Amino acid sequence: MTERSFVMVKPDGVYAGLSGEILSRIERRGLNVIAVRKIIMDRAVAEEHYGEHRERPFFGELVDFITSGPVFMLAVEGEGAIVALRTMMGPTNPLEAPPGTIRGDFALEVGQNVIHGSDSPESGARELALHFPELS
Ligand code: DAT
Ligand code: MG
């Protein structure tokens with residue numbers, strides 16, 4: 001089924017010069033990148049984006065980190081896009097991520113794991129409406 005996902009290279013990935021590499025991996029997989037934007041995310045938008053984690057002890061750090069520098073945001077469409085991208089990203093903890101995944105190749109710490117990708121079609125719709133309202 002054709003799905004849409006919201007993908008974001010986090011500030012650590014942007015600083016490490018990985019935006020192009022990650023865009024390239026997504027394109028080479030055969031997924032369709034329908035929109036991109038590089039911005040520093042507003043704090044209020046970051047709190048909304050990570051709303052499901054509001055009660056977690058790391059929420060403040062998470063919002064500090066995601067607003068600490070530019071992020072490279074992508075709207076991605078394609079067959080099974082949600083699962084395809086989550087598989088390419090690897091698990092949340094980079095130490096559990098196999099080589100060949102983005103986190104397994106480029107990250108070591110859970111708090112600085114280079115990339116975000118929507119975890120379900122519903123999250124994809126919510127996150128795209130938040131960050132790419134012009135696509136709705
Ligand atoms: P994912 O980004 O794989 O969807 P998530 O939605 O569970 O993972 O968490 C969102 C982000 O929050 C994650 O990419 C990094 C951070 N995070 C998750 N668990 C954490 C923890 N135990 N300590 C610090 N940061 C954490
Ligand atoms: Mg998540």
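None of the values given here were measured: they were computed from a predicted structure.
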Group every Ile, Leu, Val, Met, Phe, Trp and Tyr by side-chain heavy-atom contacts under 4.5 Å, then state whether [X] and [Y] land in the same group.
X      : Y      : value
Val76  : Met89  : yes
Leu128 : Val36  : no
Val114 : Leu31  : yes
Met8   : Val110 : no
Val71  : Ile40  : no

Can you tell me how far the [atom1] atom of [X] sits from the [atom2] atom of [Y], to the nearest 0.5 Å?
X      : Y      : atom1 : atom2 : answer
Arg25  : Leu18  : CZ    : CG    : 8.5 Å
Arg86  : Thr92  : CZ    : OG1   : 5.5 Å
Phe132 : Arg37  : CZ    : CZ    : 5.0 Å
Leu85  : Arg29  : CG    : CZ    : 8.0 Å
Ile22  : Ile115 : CD1   : CD1   : 4.5 Å
Arg126 : Phe6   : CZ    : CZ    : 10.0 Å

Under a 4.5 Å cut-off applied to non-hydrogen side-chain atoms, are [X] and [Y] in contact?
X      : Y     : value
Phe106 : Glu21 : yes
Met73  : Val7  : no
Thr101 : Met88 : no
Lys38  : Val14 : yes

| message | Apply side-chain contact (heavy atoms from CB on, under 4.5 Å) to residues Thr2 and Glu79 and explain how you reach the verdict. | response | CA-CA 4 Å; Thr2 299; Glu79 186 70 22; 4.3 Å; yes
Between [X] (side chain) and [Y] (backbone), is there a donor-acceptor pair under 3.5 Å?
X     : Y     : answer
Glu96 : Pro91 : no
Glu77 : Asn32 : no
Ser24 : Gly20 : no

Over all heavy atoms of both residues, which pair between [X] and [Y] is shortest? Give the atoms and the distance, please.
X      : Y     : answer
Leu135 : Arg4  : O-NH1, 3.9 Å
Phe65  : Pro11 : O-CG, 3.3 Å
Ala81  : Glu3  : N-OE1, 3.3 Å
Met41  : Ala46 : SD-CA, 3.6 Å

| Does CG in Leu108 sit with more than 12 non-hydrogen atoms of other residues, nucleotides or ligands closer than 6.0 Å? |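 Open: at most 12 neighbouring heavy atoms sit under 6.0 Å from CG of Leu108.
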| request: List the steps and the verdict of side-chain contact (heavy atoms from CB on, under 4.5 Å) for Leu74 and Leu23. | output: CA-CA 8 Å; Leu74 306 89; Leu23 170 65; 3.7 Å; yes
| field | His53 and Phe59 aromatic centres sub-6.0 Å | value |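 No, ring centres 6.0 Å or more apart.
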